[in-house]
Amino acid sequence: MERINIVGIGCAGKTTLARALAARLGVPHVELDALFWGPRWTPVRDEVFRSRVRDALAPDAWVADGGYQVARDIIWSRTDTVIWLDYSLPVVIGRWARRTTERLRSREEFWPGTGNRETVANLFRNGLLLWILRQYRGKRRRMTARLAARPDLTVIHLRTPAEADAWLSSVP
């Protein structure tokens, strides 16, 4: 377990787990969202994103969080272990609500230099909550199929935050 990709629906806790696991293993943490989003919530061009991903995943060991289709071939060609945070929709929505409320209060920038912050306007026009609600079932179905098609990858399928905490505690 040297090159780990943590996947799951938005607000499942991928980045939080990735940071903790990377610190525990003493390896770099790669946040794919930070490579994907430019200023004013504008995605970078696919070729720029793919180049950034290639460069970020060049080292021998890392923990990356995110599952972008446009770069999955690069990510999974380097990955040896996939950790799937497959939480229930109520858990994900609860996490979304807590995270959004905190970021609205703090005005914390998502990724330094982008100016991307949570706003009330984002809640009502194609924001993350709407995306989660639209994608949840299909994303689970697609991930099940994708992982079944990759027997070369070690898959750790975590269904609750308590399972994830217990698993992380067991990592030396």
Side-chain angles (χ1 to χ4, degrees), residues 1-38 43-89 91-96 99 110-114 116 128 131-132 134-172:
M1 190 168 70
E2 295 177 337
R3 294 177 306 280
I4 302 157
N5 181 211
I6 301 177
V7 299
I9 194 80
C11 294
K14 297 178 299 292
T15 300
T16 301
L17 180 60
R19 281 187 188 129
L21 181 58
R24 190 172 198 109
L25 297 174
V27 301
H29 166 230
V30 177
E31 185 178 1
L32 295 175
D33 282 343
L35 304 178
F36 181 80
W37 290 106
V44 298
R45 291 184 339 268
D46 287 354
E47 56 273 12
V48 170
F49 179 58
R50 289 176 59 83
S51 177
R52 289 177 176 179
V53 169
R54 222 178 266 108
D55 292 346
L57 302 185
D60 291 333
W62 40 263
V63 178
D65 65 84
Y68 287 87
Q69 175 65 33
V70 69
R72 185 170 290 113
D73 61 321
I74 297 167
I75 299 163
W76 282 7
S77 71
R78 296 277 300 138
T79 296
D80 58 41
T81 304
V82 173
I83 300 171
W84 181 16
L85 301 183
D86 184 21
Y87 299 163
S88 71
L89 188 56
V91 167
V92 172
I93 298 303
R95 286 177 166 221
W96 169 84
R99 181 177 96 169
F110 277 74
W111 308 284
T114 64
N116 296 334
L128 185 55
W131 183 86
I132 290 168
R134 287 181 178 161
Q135 296 291 317
Y136 183 78
R137 283 193 180 98
K139 200 164 175 71
R140 288 181 88 201
R141 191 173 47 251
R142 288 187 301 275
M143 186 56 64
T144 299
R146 285 179 183 130
L147 292 171
R150 292 297 306 266
D152 57 310
L153 296 173
T154 298
V155 176
I156 299 167
H157 190 175
L158 302 170
R159 291 172 178 86
T160 68
E163 275 187 23
D165 291 343
W167 177 82
L168 181 61
S169 294
S170 75
V171 174

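In what follows, residues are counted from 1 in the order of the sequence shown.
- More than 12 heavy-atom neighbours from other residues, nucleotides or ligands sit within 6.0 angstrom of CZ on R54.
- Not one N or O on the side chain of Y68 forms a donor-acceptor pair closer than 3.5 Å with the backbone of L32.
- Although no hydrogens or angles enter the test, the distance criterion places a donor-acceptor pair under 3.5 Å between the side chain of N5 and the main chain of G66.
- Listed by chain and number, the residues in a ring-ring contact (aromatic ring centres under 6.0 Å, His included) with Y87 amount to none (sequence neighbours excluded).
- By the side-chain contact (heavy atoms from CB on, under 4.5 Å) test, E47 is found to be paired with R45, residues two or more places apart in sequence or in another chain being considered.
- Between the side chain of R78 and the backbone N or O of A58 there is at least one donor-acceptor pair closer than 3.5 Å.
- Residues satisfying the ring-ring contact (aromatic ring centres under 6.0 Å, His included) test with W84, not counting sequence neighbours, are H157.
- One distance of note links OG of S51 with CZ of F49; it measures 11.0 Å at 0.5 Å rounding.
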- Query: Going through the checks in order, is the side-chain contact (heavy atoms from CB on, under 4.5 Å) test met by V53 and V70?
  - Reply: CA-CA 10 Å; V53 169; V70 69; over 6 Å; no
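- Taking both residues in full, the closest heavy atoms of L57 and W62 are given as O-NE1, 3.1 Å, listed atom of the first, atom of the second, then distance.
- In this structure T144 satisfies the side-chain hydrogen bond (donor to acceptor under 3.5 Å, both in side chains) test with no other residue, sequence neighbours excluded.
- A61 is linked by a side-chain contact (heavy atoms from CB on, under 4.5 Å) to E2, V27, counting only residues two or more places apart in sequence or in another chain.
- For R140, the salt bridge (charged side-chain N to carboxylate O under 4.0 Å, His left out) test picks out D86, with sequence neighbours left out.
- Residues meeting the salt bridge (charged side-chain N to carboxylate O under 4.0 Å, His left out) test with R50, sequence neighbours left out: D73.
- Taking CZ of R142 as the start and CD of Q69 as the end, the distance is 8.5 Å to the nearest 0.5 Å.
- Once rounded to the nearest 0.5 Å, the distance linking OG1 of T79 with CD1 of I74 reads 11.0 Å.
- Residue pairs meeting the salt bridge (charged side-chain N to carboxylate O under 4.0 Å, His left out) criterion with at least one partner in residues 147-166, sequence neighbours excluded, are R150-D152.
- Partners of F110 by ring-ring contact (aromatic ring centres under 6.0 Å, His included), not counting sequence neighbours, listed by chain and number: W41.
- Atom CD1 in I75 sits 14.0 Å away from atom CZ in R3 (nearest 0.5 Å).
- Considering every non-hydrogen atom in both L89 and Y136, the closest pair reads N-OH, 3.2 Å.
- The CE atom of M1 lies 6.0 Å from the OG1 atom of T81; values are rounded to the nearest 0.5 Å.
- Distance CH2/W131 to CH2/W96: 14.0 Å, rounded to 0.5 Å.
- Looking at residues two or more places apart in sequence or on another chain, you find a side-chain hydrogen bond (donor to acceptor under 3.5 Å, both in side chains) between N116 and T114.
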Contacts under 3.5 angstrom, residues 10-23 side chains, donor-acceptor by atom type, not counting sequence neighbours:
residue, atom, partner, partner atom, Å
K14, NZ, G8, O, 3.2
K14, NZ, I9, O, 3.0
T15, OG1, D65, OD1, 2.9

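- Residues L25 and V171 have side chains in contact (heavy-atom distance under 4.5 Å, counting atoms from C-beta outward).
- The nearest pair of heavy atoms linking A56 to L35 is CB-CD1, 4.0 Å.
- A search for salt bridge (charged side-chain N to carboxylate O under 4.0 Å, His left out) contacts involving R141 returns nothing, not counting sequence neighbours.
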